[in-house]
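Below is one structure, written out as C-alpha cells; comments come after it.
By convention in this document, chain letters (A, B, ...) are assigned in the order of the sequence lines, proteins followed by strands, and residues within each chain are numbered from 1.
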There are 2 protein chains.
Amino acid sequence: MEIREVFARNLRTARLAKGLSQEELAHRADIDRTYISSLERGVYNASIDVVDRLAKALEIEVAELLSRKKSGTIKRH
Amino acid sequence: MEIREVFARNLRTARLAKGLSQEELAHRADIDRTYISSLERGVYNASIDVVDRLAKALEIEVAELLSRKKSGTIKRH
DNA sequence: GTGTGACTCGAAGTCCGTG
DNA sequence: ACACGGACTTCGAGTCACA
C-alpha cells in the first residue's frame, strides 16, 4: 500500500474526527481547498511541510497522519 | 523549527546509528547519493514517499524520521 | 565519503471554474 | 460541502562535475 493512500485515509479520518470541512481545514493550514480534496483522494505525494501544517491544523501528531496502523488486518490464518 | 530541518537531523542520526554511509543508504533506498546529502542538509521538503523509502531502508518507522522529540531541550528556566 | 552549484523535468501546489 | 477539470507557477526529484 502506497504511503500516499495511507496518508489520504488518515487525513480524512482525522479531519472528520475534528468535525472540520475541507474548506475550514484548508483555511487553517493555509492550503488550497482543492488540494486538500486531492490529498484525501490520494492523488499526490505531499511534501512533509504540508503534512506538518495539516497536523498542526488538526492538532495531532505528524505520525498519526502517516501511520500504517491497521485496525482490521488480523490474518485469519 | 522547520520540519525539513527536523527531518534532516533525524535522518542523519538514524543513518549513523545504523553505521551506514550516505552511499550505502542511497543504494538501499534507490536514491541518488547527492540527493541524500541534500536532504541531510535540509535543502528540500521531501515528499512522503521519499521519507517512506528511507524509513524502510533504515528499518525504522516514518514517525521516527519526522518526530520533533528532543533529547536535550529541557528548559532550565 | 561528503558538500555544492548548475542543470533538466515532472510532480507539487495554486487559482479559476463547473456540476 | 465536495469532486473534478484546465491552466498556471513553484519546487522537489534526480543527475553530473568538481572540490
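- If you take CG of Asp49(B) and P of dG14(D), they are 7 Å apart, rounded to a whole angstrom.
- Atoms CD1 (Ile3(A)) and P (dA12(C)) sit 14 Å apart, rounded to a whole Å.
- Spacing between atom CG of Leu25(B) and atom C1' of dG1(C) amounts to 13 Å, rounded to whole angstrom units.
- Atom pair Ile36(B):CD1 and dG12(D):P shows a separation of 16 Å (rounding to whole Å applied).
- Across all strands shown, dG1(C) has no partner, as no Watson-Crick or G-U wobble contact with both distances under 3.5 Å is found.
- No contact: Ser38(B) has no heavy atom under 4.0 Å from any strand.
- At a threshold of 4.5 Å between non-hydrogen side-chain atoms, the residues Lys56(A) and Arg53(A) do not count as touching.
- Glu24(B) places none of its side-chain heavy atoms less than 4.5 Å from the side chain of Lys18(B).
- Arg12(B) comes within 4.0 angstrom of sugar-phosphate atoms only, judged by non-hydrogen atoms across all strands, and of no base.
- Residue Asn45(A) has a polar side-chain atom (N or O) positioned under 4.0 Å from OP1 or OP2 of dA12(C).
- Summary of the strand contacts: Val50(B) and Arg33(B) both lie near DNA chain D, and taking for each the nucleotide with the nearest heavy atom, the more 5' one is attributed to Val50(B).
- Heavy atoms of Arg53(B) sit under 4.0 angstrom from primed sugar atoms or phosphate atoms, though from no base atom.
- Remark on DNA chain C: of its neighbouring residues Tyr44(B) and Gln22(B), the 5'-side contact belongs to Gln22(B), judged by nearest-heavy-atom nucleotide.
- Remark: C1' of dG12(D) and CD1 of Ile48(A) are 11 Å apart, rounded to the nearest angstrom.
- A heavy-atom distance below 4.5 Å is found between the side chains of Ile36(A) and Leu54(A).
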Problem set entry | Worked verdict on Arg33(B) versus Ser37(B) for side chain to side chain donor-acceptor pair (under 3.5 Å) | CA-CA 6 Å; Arg33(B) 174 189 70 77; Ser37(B) 171; 5.9 Å; no

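- Ile31(B) comes within 4.0 angstrom of no nucleic acid atom, judged by non-hydrogen atoms across all strands.
- Within 4.0 Å of Ser37(B), counting heavy atoms only, lies at least one base atom of the nucleic acid.
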Exercise. side-chain contact (heavy atoms from CB on, under 4.5 Å) between Arg68(A) and Ile3(A): does it pass, once the steps are laid out?
Worked result: CA-CA 8 Å; Arg68(A) 281 195 168 84; Ile3(A) 187 73; 3.9 Å; yes

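- Along DNA chain C, the nucleotide closest to Arg15(B) and the one closest to Ser47(B) are compared, and the more 5′ of them pairs with Arg15(B).
- Of the nucleotides present, dG14(D) is the one that pairs with dC7(C) by Watson-Crick or G-U wobble criteria, both distances under 3.5 Å.
- In this structure a side-chain-to-backbone donor-acceptor pair under 3.5 Å is present from Asn10(B) to Ser67(B).
- Regarding Asp30(B), its CG atom lies at a distance of 8 Å from the P atom of dT15(D), rounded to whole Å.
- Across dA12(C), dC15(C), dG13(C), the shortest atom-to-atom separation from the side chain of Thr34(A) is found for dC15(C).
- Note: CG (Leu54(B)) to C1' (dG14(D)) measures 14 Å, nearest angstrom.
- For Tyr35(A) and dC11(D), the OH to P distance is 13 Å, given to the nearest whole Å.
- Residue Glu23(B) is in base contact, counting any heavy-atom pair closer than 4.0 Å across all strands shown.
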